[in-house]
Amino acid sequence: MPTALITGITGQDGSYLTEQLLAQGYTVHGLVRRTSNTVRSRLDPLFHNKDVYNKSLFLHYADLDDTTTIRRILVKTQPDELYHLAGQSHVGASFDIPESTCQFTGMGTLKILEILRDLEKQPRFLHISSSEIFGRPDESPQNERTPMRPVTPYGVAKTFATQMVQLYRESFGLFACNAICYNHESPRRGESFVTRKITKAAAEISLGLSDEIVLGSLDGRRDWGSAPEYTTAMHLMLQQDTPDDYVLATGQTHSVEEFLDAAFQSVGLDYKDHLKQNPKYMRPAEVTRLVGDPTHAEKQLGWTPATTALDLAKQMTAADVESLKQLATSN
Ligand code: GDP
């Protein structure tokens, strides 16, 4: 049975991918950062499952810039597939912490590629790239050949990493792929991203736990898809005969306002009764025309995105209502 190693295993995508790989019989190793805070809520059900943890799922401590430790773990675990999902992934935050964003997102990827280059048994490698590499593109929708023109520190760092993956594939023959992911959401999305912030607020307001939501601009448009569908495609990418880059997107955009409206309506609320806006949440620069063309993934991988942004607004709000109710009964 194959073995996979995942960086960023505690994140939204890492946790879905882990579940999917375990269900297919993989042994899964994950890298986790050593922090004093050991909250890994997305992995908790697996972590506390005695039939899984330390049987088919193993966690190892390593920071992304800790090259020696990562090399040691790779040599010890001998993975067939390496999914590199870790990194500071918040675009807004990347304006406040550009250096560490570049260090972990950009240099962190190069360091892993350098280790792989020297390994006798090289795993197939997947790097999670981002639509932010396109920034302000001249063409819409974007595909794998669209020039990269990032406009945020996160986008610049991801562009560096994406191009390094291409370079190591072409120059050193690594089986290395970029999953160029447009925004992908789920009930496990971090709470500082706008979708989850909205669905959590809609749930809290509907249960009488809060009365307002404070946001920045509502005009931004995003191509929002479903996270577990995107991790399914990532796995398919590493099962192909040849390595390649793939855009993972729905091909449809919605505004923040449309998502807000759908989430609030799903619990019988009108967002206009609860919205406050604060310039604090506005970005120094916004991507404006990001929408992906998933044709290559559809044709080559047989992958189709099924969940729409408005489905996500409803599903995520319902999940937040459910977990708040559970919290209330357990207290
Ligand atoms: P990303 O920027 O595409 O990675 O995703 P986000 O979920 O962080 O932001 C999506 C859009 O929501 C952007 O256009 C933001 O400017 C907009 N937005 C409006 N208010 C907020 C807010 O309070 N928090 C965040 N994160 N984004 C907001």
Side-chain angles (χ1 to χ4, degrees), residues 8 11-13 85-98 101 104-105 128-137 140-142 148-159 161-162 179-205 210 212-227 230 247-264 271-272 274-292 309-310 312-313 315-317 320:
Q12 167 185 257
D13 297 350
L85 312 181
Q88 193 301 102
S89 69
H90 197 278
V91 175
S94 79
F95 283 95
D96 299 326
I97 48 168
T101 300
F104 292 112
T105 302
I128 185 167
S129 178
S130 162
S131 54
E132 288 286 318
I133 62 174
F134 298 127
R136 291 210 191 94
S140 229
Q142 298 84 43
M148 302 180 199
R149 293 176 55 194
V151 295
T152 61
Y154 174 71
V156 171
K158 274 289 178 200
T159 298
T162 304
I180 306 171
C181 294
Y182 284 63
N183 296 45
H184 45 291
E185 318 295 311
S186 74
R188 299 184 195 170
R189 187 60 146 152
E191 291 173 13
S192 60
F193 291 88
V194 81
T195 50
R196 186 70 201 291
K197 188 170 164 183
I198 288 171
T199 62
K200 193 154 178 265
E204 282 172 355
I205 296 169
S210 151
E212 65 174 33
I213 175 165
V214 186
L215 293 172
S217 164
L218 303 187
D219 300 333
R221 298 187 74 84
R222 289 291 185 280
D223 178 336
W224 278 300
S226 152
Y230 286 32
V247 161
L248 302 181
T250 69
Q252 308 290 325
T253 65
H254 291 274
S255 66
V256 173
E257 183 168 15
E258 285 166 341
F259 190 96
L260 177 65
D261 193 33
F264 275 64
Y271 79 84
K272 294 195 181 89
H274 305 279
L275 175 68
K276 290 225 167 73
Q277 283 181 286
N278 187 329
K280 180 170 117 182
Y281 296 109
M282 296 189 186
R283 307 270 170 88
E286 275 277 5
V287 293
T288 46
R289 299 178 64 202
L290 289 186
V291 53
L310 302 184
L312 283 163
Q315 285 172 10
M316 290 168 64
T317 306
D320 275 321

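In listed order, ligands and their atoms are each counted from 1. Since we're looking at a predicted model, the values are computed, not measured. The first residue in the sequence is number 1, and the count goes up from there.
Atoms CZ and OG1, on Phe95 and Thr152 in that order, are 5.5 Å from each other to the nearest 0.5 Å.
Nearest-heavy-atom check against atom 25 (C) of ligand 1 across Ser255, Ser192, Ser130, Gly92 picks out Ser192.
Of the polar atoms of Asn183, at least one N or O is found under 3.5 Å from an N or O of ligand 1, judged by distance alone. For ligand 1, none of its N or O atoms has an N or O atom of Val256 under 3.5 Å away. Close N/O approach between Trp224 and ligand 1 is not found [any backbone or side-chain N/O within under 3.5 Å]. Between Glu132 and ligand 1, not a single N/O pair is under 3.5 Å apart. Any N or O atom pair closer than 3.5 Å counts here, and Gly216 shares at least one such pair with ligand 1.
Classification of Glu212 and Lys276 as a salt-bridged pair holds, one side-chain N sitting under 4.0 Å from a carboxylate O.
Looking at Arg222 against ligand 1, only its side chain comes within 4.0 Å, counting heavy atoms.
Applying the 4.0 Å criterion to heavy atoms of Tyr281 picks out, from ligand 1, the atoms 22 (C), 23 (O). Atoms of ligand 1 found under 4.0 Å from any heavy atom of Lys197, numbered from 1 in the order shown, are 22 (C), 23 (O). The atoms of ligand 1 that sit less than 4.0 Å from any heavy atom of Phe193 are 7 (O), 8 (O).
Taking the side chain as every heavy atom from C-beta outward, Phe193 and Asn183 never approach each other to under 4.5 Å. Under the 4.5 Å side-chain criterion, counting only non-hydrogen atoms from C-beta, Phe134 is in contact with Leu290.
Looking at Lys197, Lys200, Arg196, Arg188 one by one, the single match for salt bridge (Lys or Arg N to Asp or Glu O under 4.0 Å) with Asp320 turns out to be Arg196.
Between Phe264 and His274, the angle of the ring planes lies from 30° to 60°, which puts this pair in the tilted group.
Side-chain N/O atoms of Thr101 and Ser94 include no donor and acceptor closer than 3.5 Å.
Look at Arg221 and you'll find every heavy atom at least 4.0 Å from all atoms of ligand 1.
Around CD of Gln252, the count of heavy atoms belonging to other residues, nucleotides or ligands within 6.0 Å does not exceed 12.
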